[in-house]
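Taking it in order: structure first as structure tokens, then the write-up.
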Amino acid sequence: MSFFEVENRNWSTAQEFIFSAFPHDWRDSVICFVPLLFIYAFIIVGNLVIVIVVQVDTHLHTPMYFFISSLSFLELWYTTSTIPLMLSNLLSEKKSISLNGCMVQLYFFHSTGISEVCLLTAMAFDRYLAICKPLHYPTIMTPRLCAQLTLICCVCGFITPLPEVVWISTLPFCGSNHLEHVFCDFLPLLRLACTDTRAIVMIQVVDVVHAAEIVTAVLLIFLSYVGIVAVILHMRSAEGRRKAFSTCASHLMVFLLFFGSVALMYLRFSATYSLFWDTVIALSFTVLSPFFNPIIYSLRNKEIKEAVKKTYKSAKNLFL
């Protein structure tokens, strides 16, 4: 057998990846499938309700709710890039994904995720202006600026991971095709690439790029909230302080939930976790964070709850 035939055989074995982090026992798979299906259904319904209600109710046509609905819209695509395939693999015997499918999932997972990071930063800027510059807020945070900021967030999100994904798609995966994860991600894929000093260097480059993205966003959000807290503490009215804190509490909860798990995953550099903890951390920001977002923004928000009731009554009367 010639060298080229051997090489082609090696390449053919890597045209798909097998996820090794899923449970192999059928009963365990079903036990995981049922709650994940419920969570995904809740994420879709909850975020769709927020998007529709904000669009329909004119009282919610404000910058804060515009950003919340934009975040909910991104959450729909962020979770859809990974969870449906997870559900399919839980009930599948093979638990695999094609090489091309893996690259597509890798790109859309990270592009929507980075877009969310940028949008959470824009939301912190919006809250800073609303509380620290209330007189200038209506003239600065116009609908046009909101749309521009959201567009910039999405453009940054969809451009940033493109070079990394294109580079990874050119790597030879000629060894094992067992991916130690529940979806396609940079580091598990890079571990499967053929041993190459360039690959080792690029793993470090990917780490630095992710760290820079996360640290920049966290720093900007932190500085925004330092300014917000300083202004709130100088308010004379207790009711004013309570109202100001309540408008920021939801955003802070989403920020801590999302960035906490993301930081554990992408700010570890040379540190390694077991397959179990890798999977737990990954699921916390791919499943749990999107699950809690509609709860945080709707159940804790009186205006959204009232808008949901009003929209439901209008829809009920229309159909009846």
Query raised in the report: Does any N or O in the side chain of Ser20 come within less than 3.5 Å of the main-chain N or O of Leu179, such that one atom is a donor and the other an acceptor?
Result: yes

Query raised in the report: Ignoring hydrogens and geometry, is there a side-chain-to-backbone donor-acceptor pair from Asn89 to Leu85 under 3.5 Å?
Result: yes

Requested in this report: Return the orientation label for the Phe258 and Phe285 ring planes: parallel under 30°, perpendicular over 60°, tilted otherwise.
Outcome: perpendicular

Query raised in the report: Between Glu75 and Asn293, is any pair of side-chain heavy atoms under 4.5 Å apart?
Result: yes

Query raised in the report: Among the clusters formed by ILVMFWY side chains lying less than 4.5 Å apart, do Met86 and Phe42 turn up in the same one?
Result: yes

Requested in this report: Quick one: pull up OG1 in Thr121 and CG in Leu149 and give me the separation to the nearest 0.5 Å.
Outcome: 11.0 Å

**Report entry** Non-hydrogen side-chain atoms of Tyr78 and Ser115 separated by less than 4.5 Å
**Finding:** no

Query raised in the report: Can you name the nearest heavy-atom pair linking Gly157 to Ile114, along with the distance?
Result: CA-CG2, 3.7 Å

Query raised in the report: Who passes side chain to side chain donor-acceptor pair (under 3.5 Å) against Glu303, sequence neighbours left out?
Result: Tyr65

Query raised in the report: Quick one: side chain to side chain donor-acceptor pair (under 3.5 Å) pairs with a partner in residues 216-235, sequence neighbours left out?
Result: Tyr225-His251

Query raised in the report: Do any N or O atoms from the side chain of Ser29 and from the backbone of Pro23 form a donor-acceptor pair under 3.5 angstrom?
Result: yes

Query raised in the report: If two hydrophobic side chains count as joined below 4.5 Å and joins carry through other members, does Ile295 share a cluster with Met64?
Result: yes

**Report entry** Inter-residue atom distance Ile281.CD1 - Thr286.OG1, 0.5 Å rounding
**Finding:** 11.5 Å

Query - side-chain contact (heavy atoms from CB on, under 4.5 Å) between Cys184 and Phe109, worked out - result: CA-CA 9 Å; Cys184 292; Phe109 171 71; over 6 Å; no

Requested in this report: Indicate the atoms forming the closest heavy-atom contact of Asp126 with Pro63, along with that distance.
Outcome: OD1-CB, 3.5 Å

Report task. Identify the two heavy atoms, one from Thr150 and one from Phe66, that lie closest to each other, and give their separation to 0.1 Å. Result -> OG1-CE2, 3.2 Å

Query raised in the report: So, does His61 use its side chain to make a donor-acceptor pair with the main chain of Val54 at under 3.5 Å?
Result: yes

Requested in this report: Report the C-alpha distance between Ile68 and Ile50 in whole Å, list the side-chain angles of each, state the deciding distance to 0.1 Å, and finish with yes or no for side-chain contact (heavy atoms from CB on, under 4.5 Å).
Outcome: CA-CA 8 Å; Ile68 288 174; Ile50 291 175; 3.8 Å; yes

**Report entry** Non-hydrogen atoms of Ala124 and Ile228 that approach each other most closely
**Finding:** O-CD1, 4.4 Å

Query raised in the report: Would you say Thr170's side chain and Trp167's backbone share a donor-acceptor pair under 3.5 angstrom?
Result: yes

Query raised in the report: In the single-linkage hydrophobic clustering (I, L, V, M, F, W, Y; side-chain heavy atoms under 4.5 Å), do Val34 and Phe22 co-cluster?
Result: yes

Report task. Verify the ring-centre separation between Phe183 and Phe19: is it less than 6.0 angstrom? Result -> no

Requested in this report: Taking the side chain as every heavy atom from C-beta outward, state whether Ser70 and Leu74 have any pair of such atoms under 4.5 Å apart.
Outcome: no

Query - Main-chain N/O of Ala130 paired to Lys133 side chain as donor or acceptor, under 3.5 Å - result: no

Query - Main-chain N/O of Thr139 paired with Thr142 side-chain donor or acceptor, under 3.5 Å - result: no

**Report entry** Interatomic spacing from OG in Ser81 to CG in Leu76 - rounded to 0.5 Å
**Finding:** 11.5 Å

Requested in this report: Apply side-chain contact (heavy atoms from CB on, under 4.5 Å) to the pair Phe222 and Phe255, showing each step before the final yes or no.
Outcome: CA-CA 10 Å; Phe222 175 75; Phe255 163 71; over 6 Å; no

Query - From CG (Leu135) to CG (Leu129), nearest 0.5 Å - result: 12.0 Å

Query raised in the report: Taking SG to SG, are Cys118 and Cys153 separated by less than 2.5 Å?
Result: no

Query - In one Ile/Leu/Val/Met/Phe/Trp/Tyr side-chain cluster, 4.5 Å: Leu145, Leu120 - result: yes

Query - Results of side chain to side chain donor-acceptor pair (under 3.5 Å) for Lys94 - residues two or more places apart only - result: Glu16

Query - Exercise: identify the closest heavy-atom pair between Leu189 and Ile168 - result: CD1-CG2, 4.3 Å

Report summary line: Rounded to the nearest 0.5 Å, the OH atom of Tyr128 sits from the CD1 atom of Ile221 at a distance of 15.0 Å

Requested in this report: Determine the minimum heavy-atom distance between Cys132 and Val231, stating which atoms define it.
Outcome: SG-CG2, 3.5 Å

**Report entry** From Leu192 atom CG to Glu180 atom CD, the distance as rounded to the nearest 0.5 Å
**Finding:** 8.0 Å

Report task. Give a yes or no on whether the backbone of Pro294 and the side-chain of Asn47 come within a donor-acceptor separation of less than 3.5 Å. Result -> no

Query - Geometric class of the Phe108/Phe158 ring pair [parallel <30°, tilted 30-60°, perpendicular >60°] - result: perpendicular

Report task. Tell me whether Val104 is reachable from Ile18 by hopping between hydrophobic residues (I, L, V, M, F, W, Y) whose side-chain heavy atoms are closer than 4.5 Å. Result -> no

Query - Derivation and outcome, side-chain contact (heavy atoms from CB on, under 4.5 Å), residues His110 and Val165 - result: CA-CA 10 Å; His110 279 276; Val165 174; 6.0 Å; no

Query - Distance-only polar pair, side chains of Tyr40 and Thr80, donor-acceptor under 3.5 Å - result: yes

Query raised in the report: Quick one: does Thr79's side chain get under 4.5 Å of Val287's, heavy atoms only?
Result: no

Requested in this report: Keeping the roles fixed (side chain from Asp25, backbone from Arg27), state whether a donor-acceptor pair exists under 3.5 Å.
Outcome: yes

Query raised in the report: Is the count of non-hydrogen atoms from other residues, nucleotides or ligands lying under 6.0 Å from His59 atom NE2 greater than 12?
Result: no

